[in-house]
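Accompanying notes for the structure given below.
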Amino acid sequence: MNYDFREIEAKWQKYWAENETFKASNDSDKPKFYALSMFPYPSGAGLHVGHPLGYIATDIYSRYKRHKGFNVLHPMGYDSFGLPAEQYAIQTGQHPAITTEQNINRYREQLDQLGFSFDWSREVRTSNPQYYKWTQWIFIQLFNAWYNKKSDKAENISSLISIFEKGGNANVEATCDDDTPSFSAADWNAFSEKEKQEILLKYRLTYLADTEVNWCPALGTVLANDEIVNGVSERGGHPVVRKKMTQWSMRITAYAQRLLDGLDKIDWPQPLKDSQTNWIGRSVGASVTFNVKMTDEMLKQVQHDDVASSAVEKPYEIEVFTTRPDTIFGVSFMTLAPEHELVAKITTPEQKTEVDTYVEATAKRSERDRMADVKTISGVFTGAYAEHPFTKEPIPIWIGDYVLASYGTGAVMAVPCGDQRDYDFAKHYNIAIPNIFEGVDISEEAFADKETTVIANSDFLNGLSYKDAMKKIIAELEKIGHGEGKVNYRLRDAVFSRQRYWGEPFPVYYVDGMPQMIDLEHLPLQLPEVEKYLPTETGEPPLGNATEWAWDVEKNEVVSNDLIDHKTVFPLELNTMPGWAGSSQYFNRYMDPRNDDAIFSPEAINYWHDVDLYIGGSEHATGHLLYSRFWQKFMFDMGYVPKDEFAQKLINQGMITGTSAIVYRIAGTKKYVSFGLKSDYSTEELRVDVNLINVSNELDIEALKNWQPEYQDAEFILEDDKYIVGREVEKMSKRWYNVVNPDAICEEYGADSLRLYEMFLGPLEQSKPWNTAGITGVHSFLKKLWKLYAPYTNGSLSGAEAEPTAENLKTLHKTIKKVEEDIENFSFNTSVSTFMICVNELTSQKCTSKAILEPLAILVSPYAPHIAEELWSRLGYSESIAEAPFPKFEEKYLVESSKEYPISFNGKMRFKLELPLDMSKDEIEAAVLAHEKTQAQLEGRTPKKVIVVPGKIVNIVG
RNA sequence: GCCUUGGUGGCGGAACUGGUAGACGCGCUGGAUUCAAAAUCCAGUUCCUUCGGGAGUGAGGGUUCGAUUCCCUCCCAAGGUACCA
């Protein structure tokens with residue numbers, strides 16, 4: 001009987017589905033294990049061979065854990081809101097829900113074909129109202145919460161209100177908007193309801209704020225940063241402008257420190273941790289306030305702007321953040337970002353023209369321009385001076401575009417001797433560069449080494465090291481009220497509004513301009529139907545096209561927009577949520593996905609706790625993975641989840657790249673020259689379908705001519721009667737024609753071969769090029785494995801069953817040990833080799849013993865589940881192999897009575913000497929010495945001294 | 001620039017805490033089987049060599065009896081990040 005993988009695979013996939021073999025229970029005596037792959041966005045292109053890599057790895061580990069006696073949760077679902085379906089809808093008018101449904105069905109077909117042990121009864125789709133009900137619910141929870149810095153956690157907004165009622169906000173330490181005014185309890189109680197709501201919005205964890213977006217008037221839409229190239233839209237090349245829009249934001253900055261600290265507790269890859277650390281960008285230093293020396297002009301202006309007389313005596317203040325407050329005596333100028341709000345106020349009449357020109361010029365430059373052009377030093381003097389808080393010396397105030405408005409306070413104190421950028425700026429504009437470091441030459445460049453710093457020319461800081469000077473200066477700054485120690489983060493709050501159709505609608509309606517939440521019992525608020533998926537003519541988001549999009553507070557339902565009277569019927573929010581909304585808690589929803597009364601039951605979350613193993617791509621490092629950690633910590637603070645990190649271990653699978661095939665067209669002709677001859681001509685490179693190429697890079701010319709019409713009348717210049725293509729490794733993508741489809745591989749070699757081969761390609765975490773040629777190796781392994789079990793049918797052996805020999809047992813246990821270690825270390829690639837060696841050995845040993853073949857089937861089962869099931873049933877079992885206990889490794893089968901000792905001779909010229917295993921060190925020494933003596937006699941030289949080095953080798957030293 | 005991860009045959013990649021480098025697979029070469037092909041099986045395959053050996057894990061140094069492995073300097077590639085004060 002031949003290895004008929006098509007029949008076997010179909011048979012067992014059907015069996016698993018019918019018997020719900022992989023359905024996980026939320027109630028089990030077994031220990032739990034939660035293995036998760038990042039769920040996919042179901043794109044129209046379907047899966048290519050790169051997609052399943054991570055799923056296969058997760059599947060192997062899940063199946064292994066099942067064998068090890070764990071109750072395994074291994075779910076799958078779809079991140080089904082997203083842009084491509086919406087773009088398609090804009091072009092064709094087809095509802096994104098239909099496109100999405102079709103794509104999901106295609107994905108499901110492909111996934112089923114690969115034999116994954118998913119519990120499909122738990123499938124989630126983020127675009128499903130029963131699912132996004134809970135995304136909306138979390139949004140409401142965030143709205144009803146504030147971050148209390150004193151308790152260092154999120155709390156319900158009601159606790160904040162009661163603090164306000166008793167004592168105003170003087171003693172509140174919260175993460176809130178910068179412009180929050182201070183008020184007393186009396187003030188608070190006197191506020192109108194709307195005023196109270198406005199204040200609370202400055203504290204809520206999700207809040208409305210005016211945020212700048214990239215607005216493209218021609219497309220009538222908002223673009224993400226990477227949709228803009230050279231200041232114009234990637235699609236169509238239309239101009240893009242910065243525009244303020246009122247949008248929802250998430251106060252992720254409240255969690256900056258905890259997101260950083262949490263990284264120490266989780267087993268995630270170092271590069272990923274680093275990029276999150278980088279992204280959060282913590283820097284320790286101080287904020288320092290400089291007073292502006294007020295001119296008569298400024299004083300007049302102040303009086304004009306602000307009627308309060310107290311303001312007249314109070315000078316303008318410039319707050320800066322610095323990581324080097326110890327160098328404050330080296331300040332010789334200050335620089336403001338051109339966008340800084342003080343610029344207009346402090347510029348002197350003489351400098352006004354120059355400053356205005358510069359500010360205008362900077363505003364025109366795109367961010368990209370500004371970033372690319374790091375070398376050019378530019379800036380303008382404002383004419384104004386600040387006062388040094390200690391020396392009271394005047395400090396000229398400049399503006400310069402090297403200072404960014406979006407980081408820190410948008411102003412820096414420039415210390416040219418200690419910072420290279422300040423140094424370059426000072427040199428360029430002939431500003432003094434006072435040296436405040438002892439014994440350091442600063443004539444060529446700034447000195448920025450903290451470790452060897454000794455401060456000089458700095459009054460009370462003289463002679464101090466960086467560390468001591470830091471402490472001292474912060475204390476002094478606090479004493480005179482000019483600053484304090486401060487930690488600054490690069491992380492910004494996350495904008496949560498998207499001007500799109502295909503996303504979760506916000507459960508929000510507006511009364512008197514203030515947002516109101518819809519009650520849980522009336523959720524989900526379902527996405528309305530619209531005529532078209534583009535923004536409205538007035539520039540409102542696509543939901544502005546909906547005619548049924550108003551909220552009736554009495555009926556608690558969506559009604560027609562015509563009924564809006566701002567008394568009982570109010571307008572609903574028109575934005576939708578971003579892509580990451582639905583993916584930030586899906587891992588918890590899998591625990592109890594059909595629960596309609598709660599996001600998950602307490603029983604479910606208290607059983608599963610968190611994800612034990614999470615596998616997915618590293619591109620989500622600062623998106624999904626950061627936002628999910630943020631929401632998890634919030635859910636933890638609110639007492640909904642028992643763990644404040646959602647995934648204990650995370651692995652980034654590498655990308656499988658494609659190998660594009662390139663033909664070389666002689667410029668301006670229809671002639672194509674073979675790879676080896678291309679240097680003789682001036683050629684242009686064109687990519688052709690990789691399926692037209694054979695193993696030795698030879699092009700099938702006839703097939704090419706039929707592939708695309710432009711090749712029909714092409715001529716080819718051959719080498720050795722062949723046309724050889726060039727190869728290039730790049731991302732697998734339709735546009736490079738280098739996509740290899742798993743369906744075709746499954747058809748030809750089977751899912752088990754594909755699974756084994758994807759693992760065999762190389763280490764899971766590494767990116768590696770796909771090369772179909774090698775799959776024959778793993779496929780022939782499966783055929784050999786099949787043959788090994790040939791004597792068995794339905795549990796009966798044709799012929800006598802042999803007892804396992806010592807050799808059989810050795811081979812088996814060697815394999816158990818290695819495979820178990822490999823799986824635990826996620827080195828799936830090497831296990832495949834181990835299996836090959838094992839089968840080759842057992843074959844040459846002519847092993848037919850059930851005691852060997854049974855455990856071997858279990859070992860193979862996580863990797864190649866279909867064939868393992870079939871072999872298992874041939875050995876006589878009627879139940880699935882999935883729950884069979886993983887074989888136990890026993891050392892005793894590997895132990896031998898004697899061992900070949902490698903002998904090193906001054907570290908070189910090694911030979912082996914077989915000696916009994918239980919010899920002591922001295923006995924080995926004696927034996928080797930005896931051997932050496934005979935050896936030396938034979939070679940006619942003096943014997944060397946023998947030393948036994950503890951460890952694995954015997955060393956002879958001469 | 002900075003941070004991170006890597007660099008081993010023609011190719012993908014093995015080598016546990018330093019101990020016979022190149023497992024396993026692909027490809028290639030030769031052979032068996034076959035009328036022939038596919039399939040299968042066996043042998044060989046790091047490089048150089050005067051067949052004694054010699055060199056060899058990006059380059060150069062160091063520690064060690066012994067280094068792909070540890071330390072220093074440099075080069076290269078990939079990913080992240082960037083006038084971050």
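We name chains A, B, ... by the order of the sequence lines, and we start the count at 1 in each one.
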For [N], give its Watson-Crick or G-U wobble partner with both distances under 3.5 Å, or none.
{"N": "B:A14", "answer": "none"}
{"N": "B:G30", "answer": "B:C42"}
{"N": "B:A67", "answer": "none"}
{"N": "B:U81", "answer": "B:G1"}
{"N": "B:C74", "answer": "B:G58"}

Counting any heavy atom closer than 4.0 Å, what does [X] reach on the DNA or RNA strands: base, sugar-phosphate only, or nothing?
{"X": "A:Pro763", "result": "sugar-phosphate"}
{"X": "A:Asp274", "result": "sugar-phosphate"}
{"X": "A:Gln766", "result": "sugar-phosphate"}
{"X": "A:Ser833", "result": "base"}
{"X": "A:Lys784", "result": "sugar-phosphate"}

Do any side-chain nitrogens or oxygens of A:Asn488 fall under 4.0 Å of OP1 or OP2 in B:A85? no
Residue-phosphate contact under 4.0 Å: A:Arg490 side-chain N/O, B:A82 OP1/OP2: yes
If you assign each of A:Gly281 and A:Ser827 to its closest nucleotide in RNA chain B, which residue comes earlier from the 5' end? A:Ser827
Could you measure between the two P atoms, the one in B:C71 and the one in B:G13, and give it in whole Å? 24 Å
Write down the distance separating the P atoms in B:G6 and B:G52, rounded off to the nearest Å. 43 Å
To the nearest Å, how far apart are [X] [atom1] and [N] [atom2]?
{"X": "A:Lys273", "N": "B:C3", "atom1": "NZ", "atom2": "C1'", "value": "15 Å"}
{"X": "A:Leu272", "N": "B:C3", "atom1": "CG", "atom2": "P", "value": "19 Å"}
{"X": "A:Glu319", "N": "B:A85", "atom1": "CD", "atom2": "P", "value": "16 Å"}
{"X": "A:Asn771", "N": "B:G27", "atom1": "CG", "atom2": "P", "value": "9 Å"}
{"X": "A:Lys427", "N": "B:C83", "atom1": "NZ", "atom2": "P", "value": "25 Å"}
{"X": "A:Lys783", "N": "B:G25", "atom1": "NZ", "atom2": "C1'", "value": "15 Å"}
{"X": "A:Asn278", "N": "B:U4", "atom1": "CG", "atom2": "C1'", "value": "10 Å"}
{"X": "A:Asn652", "N": "B:G80", "atom1": "CG", "atom2": "C1'", "value": "12 Å"}

Specify whether [X] and [Y] have parallel, tilted or perpendicular ring planes, treating 30° as the upper limit for parallel and 60° as the lower limit for perpendicular.
{"X": "A:Phe390", "Y": "A:His388", "answer": "tilted"}
{"X": "A:Phe5", "Y": "A:His779", "answer": "perpendicular"}
{"X": "A:Phe425", "Y": "A:Tyr429", "answer": "tilted"}

Of the candidate nucleotides B:U4, B:C83, B:C24, which contains the atom at the shortest distance from the side chain of A:Gln270? B:U4
Where does B:G31 land, syn or anti, once you apply the within-90°-of-0 test for syn? anti
State the syn/anti category of B:G52 according to its glycosidic angle, syn meaning within 90° of 0. syn
Any Lys/Arg nitrogen of A:Arg6 or A:Glu747 sitting under 4.0 Å from an Asp/Glu carboxylate oxygen of the other? yes
Does the pair A:Lys810/A:Glu841 count as a salt bridge with the N-to-O cut at 4.0 Å? no
Which residue, A:Asp267, A:Leu272, A:Leu764, forms the side chain to side chain contact (heavy atoms under 4.5 Å, CB included) with A:Ile651? A:Leu764
